Participant: 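Just passing along the structure, written as structure tokens.
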Amino acid sequence: MAGSPRVDLSVPIGAGRVLPNPVMTASGCAANGRELHRFFDVSQLGAFVTKTVMMEPRSGRGTPRMAETASGMLNSIGLQGPGIRAFVEQDLPWLKSVGARVLVSIAGNTAGEFADVARVLADSDAFDCVVGVEVNISCPNVANRGLVFACDPLSSAKVIALVREQLPRDVPMFAKLTPDVTDIVSIADAAVKAGATGLTMINTLLGMVIDTDTLRPHLGGITGGLSGPSIRPVAVRALWQVTQAMRAGRFQTVPLIGVGGVRTGRDALELIAAGATMVQVGTATFNDPTAPQRVIGELETAVAAHGVDCVTGLVGIAHDRMVIP
Amino acid sequence: MAGSPRVDLSVPIGAGRVLPNPVMTASGCAANGRELHRFFDVSQLGAFVTKTVMMEPRSGRGTPRMAETASGMLNSIGLQGPGIRAFVEQDLPWLKSVGARVLVSIAGNTAGEFADVARVLADSDAFDCVVGVEVNISCPNVANRGLVFACDPLSSAKVIALVREQLPRDVPMFAKLTPDVTDIVSIADAAVKAGATGLTMINTLLGMVIDTDTLRPHLGGITGGLSGPSIRPVAVRALWQVTQAMRAGRFQTVPLIGVGGVRTGRDALELIAAGATMVQVGTATFNDPTAPQRVIGELETAVAAHGVDCVTGLVGIAHDRMVIP
Amino acid sequence: MTPPTPTTSGATVSAQTSARDGVLRVDGEVIAIRRAGAYHHLTIVAPGVAELARPGQFAALAVGGPTTGNLLRRSFSIHKVSPSGTYGGTLDLVIAAKGPGTQWLTELRAHDAVDVVAPLGRAFPLPTEPVPCILVGGGYGSAPLFWLAEVLRERGCPVEMVLGAGSEDRLFGVVEARRAADGVTVTTDDGSAGHRGWVSDVLPEVFRRTGAPVAYACGPMGMLQSVTRVAAEHGAVAQVAVEEAMACGVGVCMTCVMPVRDKAGVTKMVRSCVEGPVFRGDRVRWEAFHDGVCGVPADAVGAPQAGGH
Amino acid sequence: MTPPTPTTSGATVSAQTSARDGVLRVDGEVIAIRRAGAYHHLTIVAPGVAELARPGQFAALAVGGPTTGNLLRRSFSIHKVSPSGTYGGTLDLVIAAKGPGTQWLTELRAHDAVDVVAPLGRAFPLPTEPVPCILVGGGYGSAPLFWLAEVLRERGCPVEMVLGAGSEDRLFGVVEARRAADGVTVTTDDGSAGHRGWVSDVLPEVFRRTGAPVAYACGPMGMLQSVTRVAAEHGAVAQVAVEEAMACGVGVCMTCVMPVRDKAGVTKMVRSCVEGPVFRGDRVRWEAFHDGVCGVPADAVGAPQAGGH
Ligand SMILES: Cc1cc2nc3c(=O)[nH]c(=O)nc-3n(C[C@H](O)[C@H](O)[C@H](O)COP(=O)(O)OP(=O)(O)OC[C@H]3O[C@@H](n4cnc5c(N)ncnc54)[C@H](O)[C@@H]3O)c2cc1C
Ligand SMILES: Cc1cc2nc3c(=O)[nH]c(=O)nc-3n(C[C@H](O)[C@H](O)[C@H](O)COP(=O)(O)OP(=O)(O)OC[C@H]3O[C@@H](n4cnc5c(N)ncnc54)[C@H](O)[C@@H]3O)c2cc1C
Ligand SMILES: Cc1cc2nc3c(=O)[nH]c(=O)nc-3n(C[C@H](O)[C@H](O)[C@H](O)COP(=O)(O)O)c2cc1C
Ligand SMILES: Cc1cc2nc3c(=O)[nH]c(=O)nc-3n(C[C@H](O)[C@H](O)[C@H](O)COP(=O)(O)O)c2cc1C
Ligand code: FES
Ligand code: FES
């Protein structure tokens, strides 16, 4: 880092824990570490966020699983993964071995399954490299007509409360929210009150592409999740609204992880200014496999350019800088 | 149109009326006609959709009112307009004079104001050039904490029912929906049951941009509406879901107008394949002022390339063409 | 649907546009691009535009090519036009590389395609009498003034130019000014060329010396405001070309508005792309502008009411 | 954070990537681009890639430049590499212009920048004995085969090539093939060159004549499936390089999966970008592919259960 400006990039993730910088991978956009480690040392990240893991191994959906869209893409993976047991036996120990701080993303088909996954994780040998758990409630609830948990405050609260019981108190727990709701603040509120020590926003938007040659849905799974720079304005807005609500005292202030369309250090700073303490880099990694690491350096430069020596000084700053002419 | 393939582009807009082609401008993206008429004859359009007009003249918001985003933009105009009386005295007669078929977009601060606007319109001299009314319920409801009407089935239904009473039965009436809801099908359902003879989808997504130089919201109005190709996958998905629900008999089948990110004839065809009978061209007009007219020709070519001689044959076609391997 | 009309240079014009309407969408072609201090000077073949354009109007260029994620056109004052027969006419612009759009434009090479909509907006109104005129340009804001100077002198108006910028490299056209004007004053904030200071520091003297009843100005908003003030102090009218962020440039989006008084003194939020970019400076509600944001004056037509919309 | 290392040609390499890891992200530079029938042949300076690459691997190129709305890289088989000292090594690709990304790439000019990630994926496994080999290429699918032929012949393997395409202009490298192989058979669907028909029509004869125990193939999925079938009928193994839509190319997104049996016969949805693009043809569950869509076989690990997820 010779020649870089001196900026303290460290940020609190909750429960008294501190990350050396606010930049993370995004779940499902970095697999479980080995592949990106060929491009940069994943222990340099604030945290490495793993692909959402469920109880059992899952094949995911058929293909095509992706469609490129204007400044973004759709994906329909179907939460392919090895299952939590294989994850704690193979993936987590590897991440620990390279010195990564890990934010583990978990999900379940039912609220109970979320808790089961959390228990296996908490009991695992390599759990000490885990700096937090991200509860991906933006996935379908089999018990509720496949409706996404995070579309409903009650379902969200139930999952969060059950997972909370399985995790040691000193492990931060983030609820990952979907933007596809009428009122994201009410979901945030429910998650925090149920025990989430932080929130991750946003997951993908539900979208669809129809192939105009074949005139049928492009994705095997018909609809998919929209991600990339195209959705950044929605992420900024969601972070802004939830930060406003916390500042207004509607519910307890918790750290936010911003995600959605971050490609550069400036993009990361935009999410931070809206209220995020930490930032994840997702789809941009497909454009540039070095993106998560590159963003750390670019963010440092961008923060320094504002003459502050500590990134936490800019968290939510845009709320204090409104010009009312 | 010499050399063009022979395709019947005419489409039913409802109440027995037929448009010569399915392509329209989008409300707020074409002003009230004069400006685009310098680039092409607006009477060539299936219909010309006017800027949403309210009861009184409105100055709209301060500036900046726009921010460019990845493959899209944010706007925060604040429904600037001359008020319905000036509209029916100056704008509508001009549109009539050039032979345009007009879809008039209206809104109100309260449900009652929507009805008042509709009444003045229906009583106006040039009303015979009006082929339908688009009720922009994606605007804030002053009586309900500024919550957007279309975020709530009851508020939506109330507006639609009141406007319906003011319009002659043979005037098609479209409810314009916002995608910023947990369940767009339930809003569509409420609007149709309340008397909407069609639906327009989608209005902009709520978004926000923070200027990373000044670290404050870029727009004077803080948040704004996201539009452009970046949101097309969300429009396609919304049209798909509502068409699915109508095909499943959840509510009466009505014609849909697709809008969101259409830039080319192929984009228009994508929305048609998802279920739209008509298509509006919005933000793309800013990139190319001839876009709405260009899309007519491109759509004709795209339809012909599929070997069908009538665009209505492709409405919702993707629902019939799914491959389940 | 009617195919565009090809021209000798390969540039095409949208068929529906016609000279009657005063504006064209043209598939243009860069024929020359060269540096000019901190700026790039582009010459674009754009058949038909030259015949329609007048000084003060602007052109809106699409940026980024077929894969672009930047959808909005970028606007530039027309520096000059020449209705030469061979190419069907050219258009000159002076562009400062700033964000992604202007960066892309300034990296174009000869023979690259560029999509142009022009001419747009209201031109500088010309005096009916051969009165002395002062032309004030800030940075690249001087670009449209040389052509204006030429037109004014053709009408017998003596022309004084005042060019200002932050530093010498950000001045545009000082040499050209000496040819185009009867007198030239230069200022730079850092004193690297001409007088150290702002154009408003030297303007009073120029007004006194020339007795000009009108000043034409193009440049940053702050400068336009002070030109308006100094003009008023000398009993003159300022015609200022503003630069508001524009999404469409053609009058359909309502993003480019500013509070401007009409003849009757009523303030409306008017579109600077069609009712401007040239406004009478004394009609602009300068006090509404503050730090990059512009509010709606409370007395503007349809202004938000307290507790209202 | 450490700045990229500039090379003589101006191309830079991401500092964190290193040869140890077997893959690089390189700011490459086009040094030549020329048409080859229906395709474009690009030569790119990409220091370090040549030393790492083996036949069958691919490169993923970013498209559209700084303003691009197309974020995903496009993948191309590596046609050849040369670790020449002056430039720090070059990489050759053969690209068919199809959608916006390949269109942009094929319109690049010499000295344009292009962002390359390479080499990626699993190379063609080489026989340990000097056995005869059949190399089958469909369309631009022949691009990686000449380099493979060279490597095989260095090991003493006689090489037969079969090149097929829809029409003559879509054949790639027929002339090169005559030099690179001991025998060449050409087919076109329309008979415009070689035998009229598909490669699978002529393959049985080639297997009989050469007695090859292995065939290498690259081309459309349908062709790979029939090469696999014909190989099996002749007691041979097919090594096929597939082409699945890829969002990342580096193994992190899970979009490029296919149902493939492992050694134990268990079917998994495996990533074709890291576990492929070269697979043993008899391991691929071809029956799951249908009309551009691929389902998850019911016996695959973690397959959706009836009524389940
Ligand atoms: C009438 C008019 C005449 C102009 N004449 C010139 C000229 O002769 N030479 C010159 O270099 N520049 C001129 N400008 C400014 C020029 O349009 C902007 O610098 C340019 O649009 C910025 O684009 P960008 O991609 O570099 O920046 P970005 O910041 O990426 O632009 C983002 C968006 O904001 C808009 N925008 C940003 N800044 C401005 C601005 N100052 N004015 C209008 N829109 C803006 C852009 O059009 C774009 O839509 C003029 C502007 C106007 C309105
Ligand atoms: C391992 C591998 C090797 C390849 N080798 C070559 C080669 O040597 N020469 C060549 O011309 N082409 C090759 N292809 C195909 C090439 O990648 C696609 O034609 C190209 O990505 C299409 O991009 P586009 O912008 O033209 O099309 P678009 O349709 O705009 O592409 C949209 C998206 O879909 C993806 N995509 C579309 N078609 C394909 C496809 N067939 N394979 C993979 N991704 C696709 C693109 O990467 C992009 O993300 C190869 C593909 C793979 C996977
Ligand atoms: C291919 C792909 C797979 C994803 N898988 C997951 C996942 O397993 N769990 C999850 O919480 N989010 C998943 N996401 C969502 C991302 O983590 C992120 O929230 C979203 O993509 C927005 O960020 P981006 O625009 O930076 O990609 C996935 C996104 C993509 C593109
Ligand atoms: C500048 C601007 C102004 C708009 N004004 C209105 C409006 O007054 N009424 C309305 O119903 N929709 C309005 N819209 C939304 C559009 O009509 C359209 O629904 C939306 O932009 C999505 O389509 P697009 O992606 O083609 O622009 C506006 C959009 C833009 C960009
Ligand atoms: S820029 Fe669109 S109305 Fe002026
Ligand atoms: S393309 Fe992303 S995992 Fe293969």
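Throughout, a chain's letter reflects where its sequence line sits, starting with A, and its residues are numbered from 1. Any value given below was found using the heavy atoms of this structure, including those in side chains, with hydrogens, waters and symmetry copies removed. If you're wondering where the values come from, they're calculated on a predicted model, not measured in any experiment.
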Participant: Sort B:Leu226 into side chain, backbone, both or neither according to what part of it lies under 4.5 angstrom from a heavy atom of chain A.
Facilitator: side chain

Participant: Evaluate the side-chain proximity of A:Leu205 to B:Leu205: yes if any heavy-atom separation is below 4.5 Å, no if none is.
Facilitator: yes

Participant: What are the two closest non-hydrogen atoms of B:Ala318 and A:Pro217, and how far apart are they?
Facilitator: O-CD, 3.8 Å

Participant: Less than 4.5 Å apart, side chain to side chain, heavy atoms only: is that true for A:Thr223 and B:Gln241?
Facilitator: no

Participant: Using a 4.5 angstrom heavy-atom cutoff, name the option from A:Pro233, A:Gly62, A:Gly207 with the most pairs to chain B.
Facilitator: A:Pro233

Participant: Could you tell me which residues satisfy side-chain contact (heavy atoms from CB on, under 4.5 Å) with A:Asp213, sequence neighbours excluded, listed by chain and number?
Facilitator: A:Asp211, B:Arg266

Participant: Is chain A contacted by the side chain of B:His319, its backbone, both, or neither, given a heavy-atom distance below 4.5 Å?
Facilitator: neither

Participant: Relative to chain A, which segment of B:Ile317 carries a heavy atom at a distance below 4.5 Å: side chain, backbone, both, or neither?
Facilitator: both

Participant: With a 4.5 Å limit on heavy-atom distance, are the side chains of B:Ile210 and A:Val236 in contact?
Facilitator: yes

Participant: Do B:Ser71 and A:Ser71 have a side chain donor and acceptor closer than 3.5 Å?
Facilitator: yes

Participant: Answer whether the closest heavy-atom distance between the side chains of B:Glu270 and A:Val209 falls below 4.5 Å.
Facilitator: yes

Participant: Examine whether an atom of B:Leu215 lies under 4.5 Å from a heavy atom of chain A, and if so say whether it belongs to the side chain, the backbone or both; otherwise answer neither.
Facilitator: both

Participant: With a 4.5 angstrom heavy-atom cut-off, could you sort out which part of B:Thr212 is near chain A: side chain, backbone, both or neither?
Facilitator: both

Participant: Counting heavy-atom pairs under 4.5 Å to chain B, which of A:Ile184, A:Asp320, A:Leu206 comes out on top?
Facilitator: A:Leu206

Participant: Judged by atom type as modelled, is there a donor-acceptor pair below 3.5 Å linking the side chain of B:Arg321 to the main-chain atoms of A:Thr214?
Facilitator: yes

Participant: Please list all pairs passing the side-chain hydrogen bond (donor to acceptor under 3.5 Å, both in side chains) test where one or both residues lie in residues 176-186 of chain B, with sequence neighbours left out.
Facilitator: A:Thr182-B:Thr182

Participant: So for B:Leu314, is it side chain, backbone, both, or neither that comes closer than 4.5 Å to the heavy atoms of chain A?
Facilitator: side chain

